[in-house]
Amino acid sequence: MSDCECLRFTDKNFNQEVLQSDLPVFVDFWGSWCPPCKTVEPIMDELAKHFDGKVKVGKLNVDQNPATRSLFNISGAPTFILFKDGQALERIVGARSKKQLVLFIEKTLESQQPE
Amino acid sequence: MHNAKCTCWNCPAIDLAGKVDFRACGQSGKQFDKTLDSTQETHIMAECKRRPELGLYDPMAITFQECPQWQETPYGYILKDMRVMILGIDGYLGWTLALWLGSLGCKVSGVDNYNRRNWVKERGAHTIVPISRMNQRLRAAKEILDIDIDFRQIDIYTQRERLKEFIDEVKPESIIHYAENPSPAFSMIDVEHAIEVQKNNVLGTLALLFTIRDTVPESALLKLGTMGEYGTPLTGRPLFEGIFPAEAILQWGGREWSLGGELTPRDPVSFYHVSKVQDTFNVYEACKYWWLRSFDIMQGVIFGVHTDQVAADPRLRTRLDIDEWFGTIINRFVAQAVIGIPLTLYGLGKQIRGFIALRDAMECMTRLICAPPEPGQYAVVNQISGIHSARQLAYTVAKIGREYFNLPVQIQRVENPRVEADEHPFEALYEKLPKRYGFKPKVTIDEEITRMFELFLTPEVKKRIEERKQVIMPKTWWSGVKKEVERLELLDLKGEIEEDERLRMFKVHR
């Protein structure tokens, strides 16, 4: 089911929506065969609300969008990557709680701030 | 409608063969040299087996709500003339579901090897609600409900080739797997029975998984599991729906991990339950290896006799067992009440379990058939509609028997022949069916118990209970001891029923 509040990225819109985004973008690379990915689904919706206006939050299905999967060498799911200014800043692999993902996003962005 | 936004990605009519890299997760995945650009179409294209005129298209582009092949029913959108195959179609659940789905317009096919009839007969028991032979059942289904059922007598383990040919011929879009022995006590009789149960359940399911892979990999498999797989953990932690949520955290050594996506611990309590746990792992692995789609349905203890279809004619009735091996607790209590023998509580009778009425279980199954999992998805639901202790249920049956049917119902405690905690914490989660699939229970326990009393008090059924009353009292000990259980005490019902009323007022329905 595609009843999520977070964004849905595809091979077609990834360049525009993620790489050329003015805001940082947090992407969940997921697969429908991946139980941890399914358990993170509701958390992605919560993150979309939590970071509304500050970070774009969305998901990309790795089986439906193999070009993007290949471009970023996704070899495990879920893989979370935080993008900023067209660059992949940091990535983590495996299920995380909401608290852990919020911390990951905030710390990664903080580390990018100028001294 | 709960499944309005599902897309062709979920639909069993999709043809993904050769169009998806089935080893996507980086495992030898085909490397794409392409770079991203805004004109590029999504890579994954599929074809529809029902609408070949669509050609290759994006499987995410059409929702069930938009597709003319999916039609609205009270339980969600369902594929027009959906081909559903029921394995174990002659059983208590299988026959009931066949008529239920047939009435919804599904094209129902089914197989059975009559094991259930044979097992019950072997124990010297019988169904107290008389059932017809299969050919009479099929004729009655056509004559009374205008349902055609394509039936074959097949054993799914020993006659794998025949099953494969039948599945290949029918091309079912949903396969309901009820073809298992459902009895903890039967599996504990002796080594032969334990082997029989595990062979039938584990190897039958394993064979089925290979057959689905080779014939209809896009078909959704709905496999009946049991809440009993979880056991009753004395930690008191909730019984999640098969898989830990991402917010379940393991803390150890000052660090913490999300358990999201891991199977929750299983703690089976009989060799039957062990067979169901093994099934769980086999189905889970098959989804992972071959991208099969499955619901593992952890059903609570089932009870009741009624759906509109089985009640339409005596020839359409489903079986109902009350013996120590195949009788579930509420069904057995009502039968005991009707013939004036005390309702038997094992041990303290404080065991707590999840329950669901037959009619509600049929609705849940239908809602899940309407919302097939995605490719490769192993999904789990806890299929219960309420939580009760054995003692509480005995009081409820006693109260209804006394007040509405003027029966002198008594309750007695007997030794518990099983190895299980008589008293334990119990918190089962059952949120997916209501929240994700729109299920609301329609049948109250009191209502179904009343209906059972009415049916059991008819002369023919009452006579059949009397004829087999000697197989109700348990004799199968988990320890292997061969003896009857001892009667411990008759409970004083005065005051206890009032206490039950008080408890029921506070009963938590999640």
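In what follows, every chain begins at residue 1, and chains take the letters A, B, ... in the order their sequences are listed. Computed from heavy atoms alone, side chains included, the values below leave out hydrogens, waters and symmetry copies. Everything numeric here is computed off the predicted structure, so don't read it as measured data.
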Can you name the salt bridge (charged side-chain N to carboxylate O under 4.0 Å, His left out) partners of B/Glu256, sequence neighbours left out? A/Lys99

What distance do B/Gln383 atom CD and B/Glu241 atom CD have between them, rounded to the nearest 0.5 Å? 10.5 Å

Looking at every non-hydrogen atom in both residues, tell me the closest pair between B/Leu56 and B/Glu47 and how far apart they are. CD2-CG, 3.8 Å

Honestly, the part of B/Trp9 sitting under 4.5 Å from a heavy atom of chain A is side chain

For B/Phe64, which atoms come within 4.5 Å of any heavy atom of chain A: side chain, backbone, both, or neither? neither

Report, one line per pair, each donor and acceptor closer than 3.5 Å where one atom sits in a side chain of residues 77-89 of chain A; sequence neighbours left out.
| unit_1 | atom_1 | unit_2 | atom_2 | d |
| --- | --- | --- | --- | --- |
| A/Thr79 | OG1 | A/Gly76 | O | 2.5 |

Max heavy-atom pairs within cutoff under 4.5 Å with chain A, candidates B/Ala4, B/Gly260, B/Ala248, goes to B/Gly260

